[in-house]
Trainee: 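Structure incoming, see below.
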Amino acid sequence: MAENKAKKTETFAAIFGDDFSLENNNEKDDGITKLKLETLVPFKNHLFKLYEGDRFNDMVESIKNLGVIVPIVVRKKGLRYEILSGHNRVKAAKIAGLDEMPAVIKEGLTEEEAILIVTETNIMQRSFSDLAHSERATVIATRHNAMKNQGVRTDLLEEIEKLSKAPSLEEYGTSRLIGAKLDSKSEVGKKYDLSSRTVVRYLRVNKLNPKLKDLVDEGKIGLYAGVDLSYLSDDNQEMVEAIISEHTFKVDMKKAATLRAFDNSKTLTWEKAVAIISGESISKPKKIAAIKIQPQIISKYFRPNENKKDIEKVIEKALEMYFTRIKEAEIIEDEDEEEIG
């Protein structure tokens, strides 16, 4: 008992300061209070998947042996408390047979700040690469929005970061949180080791409805295809999801681009969508007449003795890069227009 108490004291001190004392942790002035599990409710539209298997079972065993070491973070919701950080701990505590657990109650939060706590504390406890595409999109979109907002409380962000350093949490290499308004796309990219273009793609995927996001996670919709589908109207997104789920179709980039084109022209119907998604209406492209590249163009970029097949491979790669850049530029331009609007 004394050893467990010492561990808890050390942990709480790491989170709330060296002057924290476990002897008076029932005092609300210390920032921690005990809450009945029956008063806790999950965060609305919680988009992160809960632990399963060995990882969750280990958490249950740890709580049985040591109790809940790191307090959960909640906010008052009527007569109950909405969980911002600690959904897995609450679930594990119930299975472990606990009736109550330590909590930090946050007051006066904006909705953006509440969502920021949910996303940041989730990513602190997991590797970004372990997240599903929809979860990555949520994390990136939340951080992106926070970085665009100069009014985000730095004290709140510092407190979230302090929680991540608690001894009971695994180290996942999280870097310093947001301190000032910077180039949001590039800074978010640095945070998660992603290119700005990838950040933009995830920002688009975050605009998909929840069911389409699930289909992206399941692999029935590719990530790039999800970007195109994110431009569909809400009604057409629902229609596409229903068709995919009903027929277990998959949507690749070509199908998604075709759906987007019909959506833009306001001519996407159920019948047309079924034909596109099933592949019936996508005919094989017509053969393009052979084009001969002038010798002076070839000599400008290649040596006289260059192998013909090698030249063709370089040209093919260059064209692929060219059209990829054009498509990515269109996505970034659309995103920038939305921010201005």
Side-chain angles (χ1 to χ4, degrees), residues 45 47 49 131-141 194-291 312-313 315-339 341:
N45 302 321
L47 298 176
K49 296 174 176 61
L131 299 179
H133 284 307
S134 63
E135 295 175 324
R136 296 182 192 180
T138 298
V139 169
I140 287 174
L194 303 172
S195 69
S196 294
R197 295 187 183 94
T198 301
V199 169
V200 171
R201 293 188 192 107
Y202 277 118
L203 290 174
R204 289 304 320 177
V205 169
N206 195 58
K207 296 179 183 293
L208 292 171
N209 70 33
K211 291 184 178 179
L212 284 180
K213 287 180 182 177
D214 287 340
L215 292 175
V216 172
D217 291 343
E218 295 168 13
K220 294 179 180 177
I221 299 175
L223 180 65
Y224 282 42
V227 171
D228 269 323
L229 294 182
S230 73
Y231 289 95
L232 271 57
S233 67
D234 292 342
D235 289 342
N236 282 342
Q237 284 195 33
E238 289 183 13
M239 178 175 69
V240 167
E241 183 277 323
I243 294 170
I244 297 173
S245 298
E246 182 178 345
H247 300 282
T248 64
F249 291 135
K250 291 187 177 182
V251 177
D252 56 20
M253 290 176 62
K254 188 172 183 179
K255 292 178 181 179
T258 305
L259 289 166
R260 180 181 174 185
F262 278 101
D263 179 83
N264 286 341
S265 63
K266 310 296 183 185
T267 58
L268 186 61
T269 63
W270 177 276
E271 292 75 17
K272 176 58 69 174
V274 170
I276 294 170
I277 295 171
S278 66
E280 293 175 8
S281 72
I282 302 180
S283 57
K284 292 182 179 180
K286 295 180 181 179
K287 289 185 178 180
I288 300 175
I291 298 174
E312 290 175 346
K313 287 181 180 178
I315 292 174
E316 182 182 4
K317 186 67 175 177
L319 289 171
E320 181 183 335
M321 292 175 63
Y322 172 76
F323 286 107
T324 299
R325 290 284 180 86
I326 288 178
K327 189 171 184 64
E328 290 174 341
E330 290 175 350
I331 294 173
I332 293 174
E333 183 179 351
D334 289 335
E335 184 67 26
D336 289 340
E337 286 178 358
E338 288 185 13
E339 288 184 11

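Heavy-atom basis, side chains included; hydrogens, waters and symmetry copies ignored. Since the model is a prediction, treat every value here as computed from it, not as a measurement. Start at 1 with the first residue, then count along the sequence.
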Trainee: To the nearest 0.5 Å, tell me how far Ile276 CD1 sits from Leu268 CG.
Mentor: 6.0 Å
Trainee: What residues form a side-chain contact (heavy atoms from CB on, under 4.5 Å) with Thr267, not counting sequence neighbours?
Mentor: Phe262, Ser265
Trainee: Considering residues at least two apart in sequence or located in another chain, which fulfil the side-chain contact (heavy atoms from CB on, under 4.5 Å) criterion with Glu320?
Mentor: Lys317, Thr324
Trainee: For a quick test of reading the model, state the closest non-hydrogen atom pair linking Ser134 to Asp217 and the distance between them.
Mentor: OG-OD2, 2.5 Å
Trainee: Give the minimum heavy-atom separation between Val205 and Gly226, together with the two atoms involved.
Mentor: CG2-C, 4.5 Å
Trainee: Look up atom NZ in Lys255 and atom CD1 in Ile277, then write down how far apart they are to the nearest 0.5 Å.
Mentor: 8.0 Å
Trainee: Could you walk me through whether Leu208 and Leu229 satisfy the side-chain contact (heavy atoms from CB on, under 4.5 Å) test, starting with their C-alpha distance in whole Å, then the side-chain angles of each, then the deciding distance to 0.1 Å, before giving a yes or no?
Mentor: CA-CA 7 Å; Leu208 292 171; Leu229 294 182; 3.9 Å; yes
Trainee: Can you give me the closest heavy-atom contact between His133 and Val216, atom names plus distance?
Mentor: CB-CG1, 3.8 Å
Trainee: Check Lys213, Arg204, Arg260 against Ser230 for a side-chain contact (heavy atoms from CB on, under 4.5 Å) and give me the one that passes.
Mentor: Arg204
Trainee: As an exercise, state the distance from CG of Leu215 to NZ of Lys250, rounded to the nearest 0.5 Å.
Mentor: 11.5 Å
Trainee: Hey, could you give me the CE/CD distance between Met321 and Glu316, rounded to the nearest 0.5 Å?
Mentor: 13.0 Å
Trainee: Testing the basics here: between Tyr202 and Ala137, what is the closest heavy-atom pair and its distance to 0.1 Å?
Mentor: O-CB, 3.5 Å
Trainee: Where is the tightest heavy-atom contact between Ala225 and Ala256, given as atom of each residue plus distance?
Mentor: O-CB, 3.4 Å
Trainee: Looking at CZ of Arg201 and CG of Leu223, how far apart are the two atoms once the value is rounded to the nearest 0.5 Å?
Mentor: 7.0 Å
Trainee: In a table with atom names and distances, give each donor-acceptor pair under 3.5 Å that connects a side chain of residues 235-244 to protein atoms at least two apart or in another chain.
Mentor:
unit_1: Asn236; atom_1: ND2; unit_2: Ser233; atom_2: OG; d: 3.4
unit_1: Asn236; atom_1: ND2; unit_2: Asp263; atom_2: OD1; d: 2.6
unit_1: Gln237; atom_1: OE1; unit_2: Asn209; atom_2: N; d: 2.8
unit_1: Gln237; atom_1: NE2; unit_2: Leu232; atom_2: O; d: 3.3
unit_1: Glu241; atom_1: OE2; unit_2: Ser245; atom_2: OG; d: 2.7

